[in-house]
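Working notes, beginning with the structure itself.
Keep in mind the model is a prediction, meaning the values are calculated, not measured.
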Amino acid sequence: MKIDQNDKLLRKKLYVIISLCFAIAYALCCFVLSPLGLSLDANVVFAKTVLPAIVRYLGIGIELVSISVFYGVMIYGMYRFGPWKFRGCVGIFAVATVCKYLANTVMSWATYDAAIPRDWPWDLATVAFYTALEMLQLWIIIAIVRRKIEKSNDKDLLPFSKVYDKGNALMRCAKACGVVTVIAKLFGRIANDAWAMILSGPPQKVVTVISMLINYLSVAVLGVICYAVTVAVIGLVSEK
């Protein structure tokens with residue numbers, strides 16, 4: 001009974017960690033960095049400088065780190081308690097994702113319209129669509145993590161002794177998070193570029209093509225960051 005109570009307390013602490021992480025990161029991105037970026041883009045003095053890009057990439061980095069922290073806690077929780085007993089993390093992720101897209105939508109209304117637009121149902125449909133995409137990505141990761149943990153016969157997976165050990169199931173789970181993140185981000189950027197080309201035609205300048213290729217290759221950096229943060233969080237949580 002005492003062990004069960006300790007497990008419940010630990011689960012609550014892990015839930016609090018990921019909830020606070022999402023709350024702080026998304027509040028910063030939605031209510032500070034996003035409006036700042038829009039203001040810089042609209043300002044003729046700063047629009048053609050690197051400042052809007054810096055703010056944009058800072059927001060991407062903060063969001064990626066918060067999600068990677070979630071992955072690390074989730075992997076440890078599934079390993080420590082089992083997937084079913086740590087299912088509350090899915091609800092936290094869903095609520096955080098909905099709040100993120102709703103906050104971004106409200107901020108765009110305040111910035112561009114100064115009121116709720118007439119086509120607000122379409123905006124809410126967009127919130128639901130992108131939330132569903134992120135939930136799909138999460139379910140794919142959960143399926144992979146669950147499979148790798150269940151197939152592992154090694155019960156002594158912590159602490160980590162290497163940067164990457166292919167024989168360690170938890171590290172393979174972290175790598176899967178990075179790989180799925182890269183695939184999702186790459187698909188999104190290719191889809192956006194394809195849609196832009198449908199609307200305005202293919203790029204006419206070599207510089208534009210090179211910029212697109214660099215943009216695609218930079219996604220690999222996001223995967224490395226995701227893996228590194230996820231592994232670090234698993235290690236820190238297990239030690240504490």
Any side-chain hydrogen bond (donor to acceptor under 3.5 Å, both in side chains) involving residues 14-39? Give me the pairs, sequence neighbours left out, ordered by first then second residue.
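Applying side-chain hydrogen bond (donor to acceptor under 3.5 Å, both in side chains) to every pair that reaches into residues 14-39, excluding sequence neighbours, yields nothing.
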
To the nearest 0.5 Å, what is the distance between [atom1] ([X]) and [atom2] ([Y])?
X: Leu36; Y: Leu51; atom1: CG; atom2: CG; result: 8.5 Å
X: Lys162; Y: Asn168; atom1: NZ; atom2: CG; result: 10.0 Å
X: Thr49; Y: Leu40; atom1: OG1; atom2: CG; result: 7.0 Å
X: Ile67; Y: Gln137; atom1: CD1; atom2: CD; result: 7.0 Å
X: Ile75; Y: Leu170; atom1: CD1; atom2: CG; result: 7.0 Å
X: Leu33; Y: Leu58; atom1: CG; atom2: CG; result: 5.0 Å

Kindly indicate, with the supporting measurements, whether the criterion side-chain contact (heavy atoms from CB on, under 4.5 Å) is fulfilled by Leu14 and Arg80.
CA-CA 11 Å; Leu14 294 178; Arg80 175 71 172 76; over 6 Å; no

More than 12 heavy atoms of other residues, nucleotides or ligands under 6.0 Å from [atom1] of [X]: is that the case?
X: Arg146; atom1: CZ; value: no
X: Tyr216; atom1: OH; value: yes
X: Arg147; atom1: CZ; value: no
X: Phe160; atom1: CZ; value: yes

Between [Y] and [X], is there a side-chain heavy-atom distance shorter than 4.5 Å?
X: Met74; Y: Ile18; result: no
X: Ser66; Y: Lys100; result: no
X: Val90; Y: Trp139; result: yes
X: Val233; Y: Ile17; result: no
X: Leu102; Y: Leu124; result: yes

So if you build clusters from Ile, Leu, Val, Met, Phe, Trp, Tyr with side-chain heavy-atom gaps below 4.5 Å, do [X] and [Y] land together?
X: Ile144; Y: Leu136; result: yes
X: Tyr76; Y: Ile149; result: yes
X: Val180; Y: Tyr164; result: yes
X: Leu236; Y: Tyr79; result: no
X: Tyr71; Y: Ile140; result: yes

What's the verdict on side-chain contact (heavy atoms from CB on, under 4.5 Å) for Val73 and Phe86, showing C-alpha distance, side-chain angles and the deciding distance?
CA-CA 10 Å; Val73 174; Phe86 203 66; 4.0 Å; yes

How are the rings of Phe93 and Phe70 set to each other: parallel, tilted or perpendicular (split at 30° and 60°)?
tilted

How close do [X] and [Y] get, heavy atom to heavy atom, and via which atoms?
X: Val229; Y: Val65; result: CG1-O, 4.0 Å
X: Glu134; Y: Tyr101; result: OE2-OH, 2.5 Å
X: Lys85; Y: Arg11; result: O-CD, 3.1 Å
X: Trp109; Y: Asp123; result: NE1-OD2, 2.7 Å
X: Cys30; Y: Pro35; result: O-CD, 3.2 Å
X: Ile141; Y: Cys177; result: CG2-SG, 3.7 Å

Strictly distance-based, threshold 3.5 Å: is any side-chain N or O of Asp119 a donor or acceptor partner for the main-chain N or O of Trp122?
no

Check against side-chain contact (heavy atoms from CB on, under 4.5 Å), Lys185 and Cys226
CA-CA 12 Å; Lys185 296 290 186 183; Cys226 180; over 6 Å; no

